[in-house]
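Quick caveat: nothing in here was measured; it's all calculated off a predicted structure. Start at 1 and go down the list; that is how both ligands and their atoms are numbered.
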Amino acid sequence: MKIMHDAKSAVGFGIVGCGMIADFHAQALCSIEGVHLVGVTDVNFAGAQIFAEKHGVLAYKSYEDMLKDDAIHAVCICTPSGYHAELAKSALLAGKHVAVEKPIAMTVSEADTVIDAAKQSGKLLTVISQLRFSKDVIRLKDAVQSGKLGQIRFCNLSMKYWREESYYAGSSWKGSRLLDGGVLMNQGIHGIDLLHYVIGGVTVLSSVTDRMYHKIEAPDTALALLRYDCGALGTLEATTAAFPGFDLNLEIIGEKGYAVFTQERLTSLVIDGSEQITAVAAPKLGTASDPAAVGWQNHALQFENFVSAIRGEATLAVRGEDGREAVRLISDIYGEHV
Ligand SMILES: NC(=O)c1ccc[n+]([C@@H]2O[C@H](COP(=O)([O-])OP(=O)(O)OC[C@H]3O[C@@H](n4cnc5c(N)ncnc54)[C@H](O)[C@@H]3O)[C@@H](O)[C@H]2O)c1
């Protein structure tokens with residue numbers, strides 16, 4: 001049930017970085033009662049103005065101006081990934097709550113400084129991980145954590161995506177080591193976050209990275225062998241060089257059954273030989289080949305939780321520490337290769 005709040009007590013949001021994902025943030029925020037998107041900013045001020053006009057909000061000349069505005073209680077960080085940590089810290093230390101897009105930071109030590117800034121300021125920090133709010137992910141997690149699948153033995157995650165050359169060539173930051181971080185920091189992080197969220201602690205046994213096709217600084221391909229704290233073994237494959245792009249596929253096999261999660265759907269859940277999934281629509285091609293095929297509804301669910309936590313009415317579902325864990329696993333897979 002949605003709780004209605006009057007305009008006075010609305011939580012005011014600002015967005016920094018007015019590119020592709022910012023539009024999803026704006027749509028998601030505007031769908032929530034008791035939230036007011038106040039304004040936006042971007043290093044490209046003309047871009048911020050166009051975005052602001054489209055959504056009927058203010059365009060601030062600088063990030064500093066936005067942070068000085070008392071009407072802004074929370075900031076969404078939607079810039080290239082390499083800027084997330086610094087911008088998140090500035091907002092937290094200016095007394096704003098922060099929802100930072102994935103990844104929280106490019107290194108574990110940088111992520112720690114953001115988490116410390118949140119502790120110092122007493123403000124909330126969430127890292128966007130919208131898949132965690134999908135009903136099918138919640139059902140998958142329940143099947144694993146409740147023990148319905150029994151002891152988990154194997155977990156295989158495949159993220160064989162395709163990005164056209166123009167995806168990298170048309171961007172000033174995609175494919176760079178410091179601002180993008182390659183296939184795991186950018187595309188693969190959603191699946192990586194699921195491993196930790198659904199199954200639990202995970203250690204990298206061995207890994208390899210490569211630039212299989214794209215002429216970029218960061219790896220476009222990474223493979224890893226994994227061992228989970230629960231005893232399971234697993235593999236991970238991630239690439240943006242697999243034409244024409246295949247849906248994310250996660251197979252979890254336990255002693256009593258198995259689950260298959262394809263793109264955003266639980267397509268099979270078999271417990272003691274009996275299929276638990278009744279109607280399965282064929283999964284449509286999503287971000288496997290189109291980075292903009294994200295949808296804003298799961299972002300809205302995450303923002304609903306974030307806003308409720310700001311109001312003291314809910315526990316924050318995704319914390320800075322969760323974002324840090326994804327970066328830790330990616331850094332361990334990249335190891336010395338990057
Ligand atoms: N959650 C998801 O599913 C999802 C999907 C896509 C992108 N993302 C994340 O969102 C972030 C942005 O990706 P995008 O595809 O929207 O990028 P984009 O290139 O479309 O937009 C980035 C915007 O940030 C602006 N910018 C650059 N540096 C800035 C700075 N220092 N201060 C203010 N503005 C700055 C640019 O001018 C641009 O308008 C990335 O970190 C990416 O990982 C998340």
Visitor: Does ligand 1 have a heavy atom under 4.0 Å from the side chain of Cys78, from its backbone, from both, or from neither?
Guide: backbone

Visitor: Of the backbone atoms (N, CA, C, O) and the side-chain heavy atoms from C-beta on, which set of Trp173 has a member under 4.0 Å from an atom of ligand 1: side chain, backbone, both, or neither?
Guide: side chain

Visitor: At their closest point, which heavy atom of Tyr228 faces which heavy atom of Cys155, and how far apart are they?
Guide: OH-SG, 3.5 Å

Visitor: Compute the shortest N/O to N/O distance between Asp42 and ligand 1 and return yes if it is under 3.5 Å, no if not.
Guide: yes

Visitor: Below 4.0 Å, non-hydrogen atoms only: which portion of Val16 touches ligand 1? Side chain, backbone, both or neither.
Guide: side chain

Visitor: Does Lys215 make a cation-pi contact with Tyr168, if we ask for NZ or CZ under 6.0 Å from the ring centre and within 45° of the axis?
Guide: no

Visitor: Under a 4.0 Å heavy-atom limit, does Met20 contact ligand 1 with its side chain, its backbone, both, or neither?
Guide: both

Visitor: Test your reading of the structure: does His190 have an N or O sitting under 3.5 Å from an N or O of ligand 1?
Guide: yes

Visitor: Do the non-hydrogen side-chain atoms of Lys123 and Val98 ever get within less than 4.5 Å of each other?
Guide: no

Visitor: Please say whether Gln130 places an N or O atom under 3.5 Å from an N or O atom belonging to ligand 1.
Guide: yes

Visitor: Nearest protein heavy atom to atom 4 (C) of ligand 1, by residue and atom, and its distance?
Guide: Ile21 CD1, 3.5 Å

Visitor: Which residue and atom name correspond to the protein heavy atom nearest atom 15 (O) of ligand 1, and how close is it?
Guide: Lys174 NZ, 3.3 Å

Visitor: Geometry only, no angles: is Ser81 polar-contacting ligand 1 at N/O separations under 3.5 Å?
Guide: yes

Visitor: Among all protein heavy atoms, pick the one closest to atom 11 (C) of ligand 1 and tell me residue, atom and distance.
Guide: Thr79 O, 3.2 Å

Visitor: To check your reading of the model: name the closest protein heavy atom to atom 34 (N) of ligand 1, its residue, and the distance in Å.
Guide: Val43 N, 3.4 Å

Visitor: Just heavy atoms, cut-off under 4.0 Å: does His299 contact ligand 1 by side chain, backbone, both, or neither?
Guide: side chain

Visitor: Looking at atom 1 (N) of ligand 1, what's its closest protein heavy atom, distance included?
Guide: Glu101 OE1, 2.9 Å

Visitor: Can you confirm whether Glu251 sits close enough to Tyr258 that some side-chain heavy atom of one is under 4.5 Å from a side-chain heavy atom of the other?
Guide: no

Visitor: Could you tell me which atoms of ligand 1, counted from 1 in the order shown, lie closer than 4.0 angstrom to a heavy atom of Gly19?
Guide: 16 (O), 20 (O), 21 (O), 23 (C), 39 (O)

Visitor: How far is atom 27 (C) of ligand 1 from its nearest protein heavy atom, and which residue and atom name does that atom have?
Guide: Pro80 CD, 3.3 Å

Visitor: Output yes when the distance from some N or O of ligand 1 to some N or O of Leu87 is under 3.5 Å, and no in every other case.
Guide: no

